[in-house]
Amino acid sequence: MATTVSFAVDSAVGRRVVSVSYERTGSGEPLVLLHGIGHHRQAWDPVLRLLAAEREVIAVDLPGFGASGALPDGLAYDVRTMATVLGSFFDTLGVVRPHVAGNSLGGLLALELGRMGLVRSVTALSPAGFWTRSERRYAFGVLRAMRGAALSMPMPMIERLSSSSAGRTALTSTIYARPGRRSPGAVVAETVALREATGFRQTLEAGLTVAFTDDVPDVPVSIAWGGKDRLLLRRQGVRAKHVIPGARLVRLPDCGHVPMNDDPAAVARVILDTSR
């Protein structure tokens, strides 16, 4: 069951209150899960049971996405601010240096949390920030098109498309290698989450200048990339390895951009191995 917590964060115009929705389950060392842009914490549902068998799992709706409210005025959606907000979220929950795993935007934030020394291990699945300019333009164009399609479709159309394997493929094949495996209800929910993401535009704008260029030397880092990622191409994983030479680079051959759905067992193993 989801819970919402509110806490204060310093900004250039004074302290602002942020509210974050999350789900907490399992037992063991804490592990925080961060989703990608336009998605929600339910992206992690396929691996949640596997991870919760060995970790206390905290799946987060990032501010401006899912059930979490937008960031208040004075707080930007840039990487450093979002990482600072997540650090305050950890403090509010009483979680000291958790393990963290993130996908896409969440992977970029996980690496930044590692760079800031706020977590004890990092697993980044197809993290943003290792693109060339042309690769970023391509990815942002695809994301804008996906958002535009979600905004334009009435609910009956979303539900009708989600009810068939071919329709689920049309809606989600950009991010999943095996879109037909996603349940109709999950596809409806994530299409609605993309449509209703209040932080989408500001996050995309903040990403126009993002490049992750710093090493993360003091914590275990795994970077995993889907061999069938159509949004952030797998060659970006090689660049990530050059930036973070101590990282373990893992190939997920039959996975797309959001690999948790395509191969839950492989993704869970990467995360658990990294967080030993």
Q.
For the backbone of Glu205 and the side chain of Tyr77, can you confirm whether one donor and one acceptor N or O come within less than 3.5 Å of each other?
A. no

Q: Verify the neighbour count for atom CZ of Arg276: are there more than 12 heavy atoms of other residues, nucleotides or ligands below 6.0 Å?
A: yes

Q: Evaluate the side-chain proximity of Val187 to Tyr176: yes if any heavy-atom separation is below 4.5 Å, no if none is.
A: no

Q: Examine the side chains of Arg248 and Ser222 and answer whether a donor and an acceptor come within less than 3.5 Å of each other.
A: yes

Q. Near Arg97 CZ, under 6.0 Å, is it more than 12 heavy atoms from other residues, nucleotides or ligands?
A. yes

**Q.** Cluster check Val5, Val57: I/L/V/M/F/W/Y, side chain < 4.5 angstrom
**A.** yes

Q) Do Ile158 and Leu151 share a hydrophobic cluster, counting only Ile, Leu, Val, Met, Phe, Trp and Tyr and linking them when any side-chain heavy atoms are less than 4.5 Å apart? A) no

Q. Between the side chain of Arg251 and the main-chain N/O of Gly227, is any donor-acceptor distance below 3.5 Å?
A. no

Q: Let me know which of Asn103, Val60, Asp61 forms a side chain to side chain contact (heavy atoms under 4.5 Å, CB included) with His35.
A: Asp61

Q: Check whether any side-chain heavy atom of Arg115 lies under 4.5 Å from a side-chain heavy atom of Val79, and answer yes or no.
A: no

Q.
Looking at every non-hydrogen atom in both residues, tell me the closest pair between Leu233 and Asp229 and how far apart they are.
A. CD2-O, 3.6 Å

Q: Report whether Leu109 and Leu75 are members of the same hydrophobic cluster (ILVMFWY, side-chain heavy atoms less than 4.5 Å apart, transitive linking).
A: yes

**Q.** hydrophobic_cluster_shared for Leu71 and Val17, side chain cutoff 4.5 Å
**A.** no

Q: Could you check if a side-chain atom of Trp44 sits within less than 4.5 angstrom of a side-chain atom of Ile271, using non-hydrogen atoms only?
A: yes

**Q.** Thr172 and Arg182: side chain donor to acceptor below 3.5 Å
**A.** no

Q) Is there a chain of hydrophobic side chains (I, L, V, M, F, W, Y, each step under 4.5 Å between heavy atoms) that links Leu118 to Ile58? A) yes

(Q) Check whether Ser173 reaches the backbone of Ala170 with its side chain - one donor and one acceptor, N or O, closer than 3.5 Å. (A) no

Q) Do the side chain of Arg168 and the main chain of Arg181 share a donor and acceptor less than 3.5 angstrom apart? A) no

Q. Is it true that atom CZ of Arg49 has more than 12 heavy atoms of other residues, nucleotides or ligands lying nearer than 6.0 Å?
A. no

Q. Taking Arg147 for the side chain and Arg195 for the main chain, is one N or O donor matched with an acceptor at less than 3.5 Å?
A. yes

Q: Spell out, as yes or no, whether a donor-acceptor pair under 3.5 Å connects the side chain of Ser6 to the backbone of Ser19.
A: no

Q. Donor-acceptor pair, Arg55 side chain versus His99 backbone, under 3.5 Å?
A. no

Q. With distance as the sole criterion, is a donor-acceptor pair present between the side chains of His257 and Ser104 under 3.5 Å?
A. yes

(Q) Distance check, rounded to the nearest 0.5 Å: Leu31 atom CG versus Glu54 atom CD? (A) 10.5 Å

**Q.** Plane angle bin for Phe89 and Phe7 - parallel if under 30°, tilted between 30 and 60°, otherwise perpendicular
**A.** tilted

Q. What distance separates Arg16 CZ from Asp73 CG, expressed to the nearest 0.5 Å?
A. 7.0 Å

Q. Taking the side chain as C-beta and beyond, is there a heavy-atom pair between Asp263 and Asp254 under 4.5 Å?
A. no

